[in-house]
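Reviewing the structure listed below.
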Amino acid sequence: MSNEIKVHEHGFVKLLDVMGNDEEVENAARISYGEGTRKTSQTRNLIRYLMRHKHTSPFEMCEVKFHLKLPIFVMRQLVRHRTANLNEYSGRYSVMSDDFYFPKGKNLKPQSSTNKQGREEGELGADTGEIEFEIFSIFDGAKTADHNLIDSKLSRELSRIVLPVSNYTEVIWKIDLHNFFHVINLRAEKHAQQEIQDYANAMYHLVYPHFPICCEAF
């Protein structure tokens with residue numbers, strides 16, 4: 001099975017490493033059974049009990065680590081979960097990506113009339129072609145300006161200031177299983193912004209085969 005899922009046009013979620021499995025969660029709770037001494041049904045029953053009664057520490061014994069490529073505005077929603085360890089691509093050391101998140105056509109939604117934070121289903125009052133042109137003009141101008149500033153010997157850490165939050169960044173992101181489930185609970189939820197839902201669902205899909213009983217209980 002692939003350990004990488006493409007997200008949108010330019011992004012991806014790649015599972016780099018996993019520490020532990022369902023049995024390790026059980027071992028942490030029981031401290032400790034020998035290998036092969038219990039049935040899968042016993043593991044499932046215990047993990048469901050732990051999840052249901054919010055005994056979180058056994059889940060904290062396991063970790064997952066990802067390599068993510070995502071727009072900066074999506075990264076801002078992910079970095080709010082301060083329980084993860086992360087290291088992000090540096091625009092001071094390296095030239096920033098020329099990739100931008102560019103929603104088009106049916107993905108361009110109007111502002112919600114009931115939710116100040118979100119969009120709603122329905123048609124925009126304007127031609128989406130005009131809206132797409134406005135967005136593209138910003139991307140094209142920002143990318144050209146960034147390259148021109150670098151060519152003019154301006155430092156990378158200053159030339160990047162012209163780039164919008166739709167620009168892509170990359171990050172190594174590591175988190176324990178308990179806090180991973182907390183992130184998924186919030187970011188895969190239907191009221192979360194669609195773009196962060198797409199990344200959360202991809203991460204969950206990659207983690208599930210490594211912790212199927214924990215994910216079922218979750």
Side-chain angles (χ1 to χ4, degrees), residues 5-15 48 51-54 56 59 64 66 68-84 86 88-89 96-97 99-143 160-171 173 175-208 211 214-218:
I5 295 176
K6 183 177 175 62
V7 183
H8 308 142
E9 184 178 4
H10 301 296
F12 61 76
V13 169
K14 183 184 297 183
L15 183 61
R48 286 180 174 179
M51 190 74 72
R52 184 168 60 250
H53 292 280
K54 302 186 187 304
T56 62
F59 299 101
V64 291
F66 293 94
L68 308 172
K69 182 179 179 182
L70 68 177
I72 292 171
F73 75 92
V74 180
M75 174 58 181
R76 286 182 176 178
Q77 297 182 55
L78 193 63
V79 77
R80 287 180 57 81
H81 300 279
R82 293 181 291 272
T83 48
L86 61 93
E88 187 178 3
Y89 181 95
M96 294 295 289
S97 170
D99 294 332
F100 297 90
Y101 176 67
F102 190 177
K104 301 174 185 175
K106 65 181 182 180
N107 293 317
L108 296 169
K109 302 293 184 182
Q111 175 64 39
S112 172
S113 58
T114 58
N115 179 6
K116 293 181 180 180
Q117 295 187 84
R119 69 195 83 170
E120 65 184 9
E121 293 300 320
E123 298 296 324
L124 284 164
D127 176 18
T128 59
E130 295 179 2
I131 294 173
E132 289 171 21
F133 178 76
E134 289 291 340
I135 297 173
F136 174 78
S137 296
I138 294 295
F139 295 167
D140 189 53
K143 180 169 63 175
R160 64 181 173 167
I161 68 174
V162 301
L163 297 172
V165 293
S166 53
N167 188 223
Y168 273 80
T169 185
E170 296 187 40
V171 63
W173 192 79
I175 194 167
D176 69 63
L177 192 61
H178 162 61
N179 284 296
F180 175 75
F181 286 142
H182 178 64
V183 171
I184 297 301
N185 187 51
L186 294 175
R187 297 308 186 183
E189 201 269 338
K190 66 180 181 179
H191 293 106
Q193 184 167 347
Q194 184 60 54
E195 288 77 9
I196 190 65
Q197 285 188 55
D198 296 337
Y199 278 89
N201 286 325
M203 288 191 285
Y204 183 78
H205 181 79
L206 292 176
V207 166
Y208 190 100
F211 299 94
C214 289
C215 288
E216 288 170 10
F218 169 69

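This is a predicted model, so every value here is computed, not measured. Below, all heavy atoms of this structure are taken into account, side chains as well, without hydrogens, waters or symmetry copies.
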Roughly how far apart are [X] [atom1] and [Y] [atom2], rounded to 0.5 Å?
X    : Y    : atom1 : atom2 : result
I5   : L15  : CD1   : CG    : 9.5 Å
Q197 : I184 : CD    : CD1   : 11.0 Å
E9   : Y101 : CD    : OH    : 10.5 Å
H81  : I175 : NE2   : CD1   : 8.0 Å
Y89  : I72  : OH    : CD1   : 11.0 Å

### Task
Measure up the H8 and Y199 rings against each other and bin them: parallel (under 30°), tilted (30 to 60°), perpendicular (over 60°).
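Judged by the thresholds at 30° and 60°, the geometry between H8 and Y199 is perpendicular.
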### Task
Anything under 30° is parallel, anything over 60° is perpendicular, the rest tilted; go ahead and classify W173 against F66.
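Plane angle between 30° and 60°, so tilted.
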More than 12 heavy atoms from other groups under 6.0 Å of [atom1] on [X]:
X    : atom1 : value
H182 : NE2   : no
R119 : CZ    : yes
R52  : CZ    : yes

### Task
Using the side chain to side chain contact (heavy atoms under 4.5 Å, CB included) rule, take L78 and L86 through it: C-alpha gap first, then chi angles, then the decisive distance, then the call.
CA-CA 10 Å; L78 193 63; L86 61 93; over 6 Å; no
### Query
Counting N and O atoms only, with roles assigned by atom type, does the side chain of N167 sit under 3.5 Å from a partner on the main chain of D99, one being a donor and the other an acceptor?
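Yes.
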### Query
So, Q111 side chain and G118 main chain: donor-acceptor pair closer than 3.5 Å or not?
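It does hold such a pair.
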### Query
Going by an N to O cut-off under 4.0 Å, is there a salt bridge joining E195 and K109?
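Between K109 and E195 there is no salt bridge, as every charged N stays at least 4.0 Å from the carboxylate O atoms.
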### Task
Go through N107 and Q194 one step at a time and tell me if the side chain to side chain contact (heavy atoms under 4.5 Å, CB included) criterion holds.
CA-CA 10 Å; N107 293 317; Q194 184 60 54; over 6 Å; no
